[in-house]
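Being a predicted model, the structure only gives us computed values, none of them experimental. For this chain, numbers begin at 1 and follow the sequence in order.
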Amino acid sequence: MRSVHSAVLAFGMLWGASAQATPVYDQAGTTLDIYGRIAMGISGGGAEFDSAGNQIDNGVDFQDVYSRLGFRMQHMITDDISAFGRLEWRFKGDERYTDKGFSEIRQSYIGMSSQRYGTLQAGNFDSLYYQFVSAPFDVYLDRGLLFNSSAIQSQGDSVGYYTPTLNGFTSFIQLKHYSERGLSVEEQRHEGNVVAAQGGIQYKQGPLTIGFGAVDDKVRGNGNGEMLYGLMGAYAVTDQLTTRLGVETQDSSTTYGGGALKR
């Protein structure tokens, strides 16, 4: 069975990049920003047979490449404490979808932040392990690597906290709850309600960023039931050149939850 590598040629429009959104409202300590991107692509090639051995078409196709639309909100309660929220959808813009244009709620969380006490947030968000450990390595999931696993034991029913930055150090902890609520006895899993924990620390000073973290990679969250440890580092030699080094380790297991992650 012969196969060729698939290729995607992407093009699109970005507004309100992650570092700077477009302000919609800004008055009396309350702000509302909008951001997003419309991304289209042309794909071609790839496997000529599916997992069952059936021959499939792998011709050229026009497709959406993770387009999204989001809002960020913030309100200053005191000079130090602010409340914030974020809501982001992923939508498919390559065709006229009348019933499923918005295909996913990608981010939806609220929280409170203080330069003195740290940040507490709850809801559906990228894992803090991703934000503080694997993100500096910056390897895309589409490359087939485990780094940058934004959804690992996260995105839904999660609570996270990270400390203020002190001498370059920031530590974090996060809990995700897998509930049996509303399920009949026949539908419930033998392990019952499950809480997956993760935590770690990041050091960031000038051009140097180092992150270390651990994740209790529960099977309920598409893991294999074993602890995952990661150590990532990045050093910006110039504005255009950055060197990176990353290591992740996890024991083998005969159990695996399956499922693919995407950004």
Side-chain angles (χ1 to χ4, degrees), residues 18-19 72 74 80-86 106-107 109-141 143 145-178 194-237 241-253 261 263:
S18 58
R72 291 190 183 93
Q74 183 176 3
D80 180 57
I81 300 176
S82 64
F84 63 86
R86 182 178 177 184
R106 187 170 179 270
Q107 308 272 357
Y109 59 87
I110 58 175
M112 299 187 71
S113 180
S114 165
Q115 294 184 0
R116 181 178 180 183
Y117 300 107
T119 299
L120 177 68
Q121 61 188 54
N124 167 34
F125 51 87
D126 288 341
S127 72
L128 296 187
Y129 173 85
Y130 159 72
Q131 297 181 48
F132 289 98
V133 181
S134 65
F137 193 81
D138 198 23
V139 173
Y140 296 107
L141 282 170
R143 302 291 185 181
L145 301 176
L146 185 58
F147 294 158
N148 239 359
S149 45
S150 61
I152 187 166
Q153 303 300 331
S154 189
Q155 292 188 329
D157 297 323
S158 298
V159 178
Y161 168 78
Y162 54 92
T163 66
T165 301
L166 180 62
N167 296 326
F169 288 94
T170 305
S171 57
F172 67 90
I173 186 172
Q174 180 183 326
L175 302 174
K176 176 175 171 61
H177 183 230
Y178 296 96
V194 174
V195 175
Q198 59 184 273
I201 189 169
Q202 182 192 74
Y203 175 77
K204 188 171 185 179
Q205 198 71 262
L208 177 65
T209 301
I210 300 175
F212 171 77
V215 181
D216 187 4
D217 202 15
K218 299 289 189 182
V219 176
R220 290 280 291 274
N222 294 329
N224 71 347
E226 303 290 342
M227 292 294 297
L228 181 146
Y229 299 93
L231 176 64
M232 312 290 174
Y235 186 85
V237 181
L241 176 63
T242 300
T243 60
R244 298 180 174 92
L245 177 66
V247 178
E248 275 186 345
T249 180
Q250 187 174 30
D251 288 342
S252 299
S253 173
L261 305 179
R263 289 290 298 147

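Here the OH-CZ distance, from Y178 to R220, works out to 8.0 Å after rounding to the nearest 0.5 Å. Once rounded to the nearest 0.5 Å, the distance linking OH of Y129 with CD1 of I173 reads 16.0 Å. Annotation: the span from L128 atom CG to Q202 atom CD amounts to 11.0 Å, rounded to 0.5 Å. Atom-to-atom distance recorded for I152:CD1 and S134:OG is 8.0 Å, nearest 0.5 angstrom.
Side-chain N/O atoms of S154 and S127 include no donor and acceptor closer than 3.5 Å. Q155 and D126 share a donor-acceptor pair across their side chains, judged by distance under 3.5 Å alone. Between the side chains of T170 and T165, a donor-acceptor pair is found at a separation under 3.5 Å.
Checked against a 6.0 Å centroid threshold, the rings of F172 and Y161 do not count as neighbours.
Taking both residues in full, the closest heavy atoms of R116 and P164 are given as O-CG, 3.4 Å, listed atom of the first, atom of the second, then distance. Across every non-hydrogen atom of T242 and A236, the tightest pair is OG1-CA, 3.8 Å. For N224 against V219, the heavy-atom pair with the smallest separation is C-CG2, 3.9 Å.
Scored by the side-chain contact (heavy atoms from CB on, under 4.5 Å) test, T243 finds Y235, V237 as partners (sequence neighbours excluded).
The side chain to side chain donor-acceptor pair (under 3.5 Å) analysis of residues 206-218, with sequence neighbours excluded, yields the pairs Q153-D217, D216-K218, D217-Q250. Sorted by first then second residue, the salt bridge (charged side-chain N to carboxylate O under 4.0 Å, His left out) pairs that include residues 196-211, not counting sequence neighbours, number zero.
Dense packing is recorded around OH of Y203, with more than 12 heavy atoms of other residues, nucleotides or ligands lying under 6.0 Å away.
The shortest distance between side-chain heavy atoms of S113 and F84 falls below 4.5 Å. Side chains of I210 and M232 form no contact here, defined as non-hydrogen atoms less than 4.5 Å apart. Looking only at side-chain heavy atoms (C-beta outward), H177 and L175 stay at 4.5 Å or farther from each other.
Looking only at distances, no side-chain donor or acceptor of E248 sits under 3.5 Å from a matching main-chain atom of G230.
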Between Q74 and S82, is the side-chain hydrogen bond (donor to acceptor under 3.5 Å, both in side chains) condition met? List the steps.
CA-CA 7 Å; Q74 183 176 3; S82 64; 3.3 Å; yes
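Note on ring orientation: taking the six-membered ring where Trp is involved, the planes of Y109 and F125 are perpendicular (angle over 60°, cut-offs 30° and 60°).
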